[in-house]
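Everything on this sheet refers to the single structure shown next.
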Amino acid sequence: MVDLYIAAPDTQSSGALLGRVLDQRATRNSGSLKVTNQVTNLSDFRVLFRKWADISVKGLDNLRKLSPVPEDLQPGQKPER
């Protein structure tokens, strides 16, 4: 998978790049050659995407904890400096 773009409603319309991720993990590594198909490929994708999502949530949570932006900041409100 290359250049995965996820679209979601943006209530603030900031358009700011928050980060970029590169993950070159292999899928199944059974040590032998196996025939794959659409079902096994989809299953592998789901497993890797779930791992990537879990890593992303933990990373964003850690970043939020380090952020000087107050937790009660409302959309459109600018933080006081």
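Note that the coordinates shown come from a computational prediction; the quantities given were computed from them, not determined experimentally.
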Derivation of the salt bridge (charged side-chain N to carboxylate O under 4.0 Å, His left out) call for Asp54 and Arg50: CA-CA 6 Å; Asp54 291 341; Arg50 171 52 58 197; 3.5 Å; yes
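Placement of Trp52 and Val47 in two distinct hydrophobic clusters is found when ILVMFWY residues are connected by side-chain heavy-atom separations under 4.5 Å, directly or transitively.
Residues satisfying the side chain to side chain contact (heavy atoms under 4.5 Å, CB included) test with Thr36, not counting sequence neighbours, are Thr40, Asn41. Residues forming a side chain to side chain contact (heavy atoms under 4.5 Å, CB included) with Arg46 (at least two apart in sequence, or on another chain): Leu42. Partners of Lys65 under the salt bridge (charged side-chain N to carboxylate O under 4.0 Å, His left out) rule, at least two apart in sequence or in another chain, are Asp61.
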